[in-house]
Every structure is written in structure tokens, then in C-alpha cells.
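All chains are named by letter (A, B, ...) in the order of the sequence lines, taking the proteins before the strands, and each is independently numbered beginning at 1.
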There are 2 protein chains.
Amino acid sequence: MTVIFSKKCEYGLQAVLYLAANERGIESADDIAKNLNIPKEFVSKILQSLTVSGIVISKKGKAGGFALAQDPKKIKLIDIVAAIDGLTMFNNCVLGFPNCNPTKPCPLHDKWGVLRTQTYNMLNEDTIDTFKEKTLRKVAAI
Amino acid sequence: MTVIFSKKCEYGLQAVLYLAANERGIESADDIAKNLNIPKEFVSKILQSLTVSGIVISKKGKAGGFALAQDPKKIKLIDIVAAIDGLTMFNNCVLGFPNCNPTKPCPLHDKWGVLRTQTYNMLNEDTIDTFKEKTLRKVAAI
DNA sequence: CTTTAATCAGACAAATAAATCTGATTATAG
DNA sequence: CTATAATCAGATTTATTTGTCTGATTAAAG
């Protein structure tokens, strides 16, 4: 299996995008899970971990749930990826060779370097408020 | 953890590149493993599976081992990836949304689509004979 | 005050990936 | 012919990822 993000990270990205798109403030893990059609307990755990990272906040007790900790104009996808999967993929060799660097490059070093940077930029250049419309439309289609 | 290829695929790519670079014909799993500094039994299994895919051939018995099944001018990295990890990453949504397609796109659909195609091209545009020099230098540095 | 509905912490379980082991078979070389 | 060195098939183990469960705590609402 080839993968870009772990399931944990995919669900985390989806959940945060959903919170940003919804603008309803607090939303329970149960509602989020239902709307995204992903496992409730799992997304709950992921959001809990994102409270530690300062990306979301949680409110306990009845009518509790999760909300963004910051203005969606200040959160980028790369923040969520960094918090969940980390940024190792932007440092490691695509082919798994040890010590892959400009002086000891693997055969794909240069080409992948360019694409990897563009991938990083894709996650870093926009804040999540940019994605509201698209997220709403996508979630509606699930 | 974020990843592009599975360990299995990384090792498979390394091993095939090594066979192409070495030009010694048959090479034992043991030698390959030592030169690449990866687990022998594991790379042996991977190469066995690549014989089924028609990418390498094996020779049993003393002085046996593995060799390319075809001219390195005919093998591309994408062939190895397809045989080991499959090509699902080139079809699935980066964010893990179901049914991500042009009519129901996720927020990253277009941007990632471009990068994904470029990644595919990177693996598809050159044959592995192109990588001989670079592979030899890289392996020497391990 | 009690019921209800939520997070939280941490254990637990299942599935997948990574790695190892064992014994059989095969073929070369002495 | 025998010893040796390799692949092969398949079971087994270990590690990691994914997902679930349980009980405690918290807070709102009647």
C-alpha cells in the first residue's frame, strides 16, 4: 500500500476542515463522525490529540464537543499534518536510502525534491478558511 | 507517519535498481541485502514476488540468486511500484474523502491532481538503465 | 439534585505491515 | 556421490496502525 497521509491524519484533516466550514462553533465528535462517515471513537481520539497541539479546543459535559482553537484564517493544513503525522516525509528519501542528501543523492533526489516542495507548499500556502465552500459541498455529497 | 511507498516497495525499488546497476547478472539475496544494508529474508521474499510479476528471474541452488528478467532499458520504476504497492495512490483522494472526483472534488482535488500526475510521470518517464551511475554512487555511499 | 450527554484517560482488540524462521527443494562444485 | 549454498513455500513472530470499549469526570438542563 502506498499512502500520503495516515488514516489518523486524513480523518484529522477532514474533521478540522469540517469545523472550519461549519461555523457552528462547538460540534460533538458524534456529529462530526456522522457527517464525515468515519468512526466516532477514532475521530474523538484524534481531536483530543489536536487539543494538545492547540489546533482545536474541547468542551466537556452536555452540549460539549470540539471547536477550532484559532481563527480559521490562521490555521493551515500543514499545521494539522505536522501535529498528527509529523513532517518526516518532507525530509526522508523517497526510495528509502539512508543519508539521501545533495552530496549523496539517490536517483530520484532532485526530481522528487521539487515535487515534495510543491506538496509542502500546497499544504502551507492557504489557510483553512479558504476551503470552506469546497468542504461544505464535499461533505454534503457524502 | 506519512509515507509514499511501503518499506516493501522501497526495498524492492532499491534491489531492482541495484541489479540494474551491477550488471553482474545473478546476484544472491544475501549479497543484495548486505550491499543495501536491508534485511536479507525480507528482500528475498520481495524479489520472489517480483519473479511472479516478471520483473526479475531467480536461479535456485548453489551460485543461484536473482537477476533482471528484462533489459533494464525496458523496466520503469512504475512497474515495480505497480507490482508491489499497486497504483491506488494515483486514484485515491489525498484527504481520504470518498468518491473524490471532478464533479465531487475535495478541497485539494485540483492541486494534488497535478502533483500526483507529475509524481506518476517521474516514475514512468525513465527506464532503470538511466539510473545506473547514480545508483552505483549511492550504494557505494551506504 | 438528578438525569443526560458529552469529553477524557487508558486499556483492549483487530487488522495490517514488517521481519524472521523452518524445512524442503534445487543445483553447483568438489 | 556428497557437501554446500542458494531459492521457495509457508508458518510464525513482532511492531505498528486502526479501531473499540469501559469507567470516570464534567457540565448543562429540567
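Glu41(A) has its CD atom 17 Å from the P atom of dA11(C), to the nearest Å. In this entry the distance linking NZ of Lys59(A) with C1' of dA29(D) reads 11 Å, nearest Å. Between Lys7(A) atom NZ and dA17(C) atom P the separation is 12 Å, expressed in whole Å. Following rounding to the nearest Å, Ile38(B) (CD1) and dA19(C) (P) show an atom-to-atom distance of 9 Å. Counting to the nearest Å, the P atom of dT20(C) and the CG atom of Asp30(B) are 13 Å from each other. Taking atom CD of Gln48(A) as the reference point, atom C1' of dC21(D) lies 14 Å away to the nearest angstrom. Counting to the nearest Å, the C1' atom of dT18(D) and the CG atom of Asp85(A) are 13 Å from each other. In this entry the distance linking CG of Leu47(A) with P of dT7(C) reads 9 Å, nearest Å.
You won't find any donor-acceptor pair under 3.5 Å spanning the side chain of Lys62(B) and the base of dG30(C), going by distance alone.
Closest contact between the side chain of Lys8(B) and the listed nucleotides dT7(C), dA18(C), dT20(D) involves dA18(C). For Phe42(B), the listed nucleotide lying nearest its side chain is dT20(C); candidates were dT7(C), dT20(C), dG19(D). Here the nucleotide nearest the side chain of Lys45(A), chosen from dA9(C), dT26(D), dC8(D), is dA9(C).
In this structure, the side chains of Leu68(A) and Gln70(A) stay at 4.5 Å or more apart for every pair of heavy atoms. Annotation: side chain of Phe131(B) is in contact with side chain of Leu108(A) (closest heavy-atom distance under 4.5 Å).
Nearest-nucleotide positions on DNA chain D place Lys40(B) closer to the 5' end than the other of Lys40(B) and Ala63(A). Where Thr51(A) and Lys60(B) each meet DNA chain C at their nearest nucleotide, the meeting point lying more 5' is that of Thr51(A).
Counting non-hydrogen atoms under 4.0 angstrom, Ser6(A) reaches the backbone sugars and phosphates but no base.
OP1 or OP2 of dT7(C) has not a single side-chain nitrogen or oxygen of Ser28(A) nearer than 4.0 Å. Under 4.0 angstrom from either OP1 or OP2 of dT18(D) there lies no side-chain N or O belonging to Tyr11(A).
Between the CG atom of Leu123(A) and the CD1 atom of Ile78(A) there is a distance of 4.5 Å, given to the nearest 0.5 Å. Separating the CG atom in Asn22(B) from the CG atom in Leu136(B) is a distance of 6.5 Å, to the nearest 0.5 Å.
Residue Asn37(A) qualifies as open at atom CG: its count of foreign heavy atoms under 6.0 Å is 12 or below.
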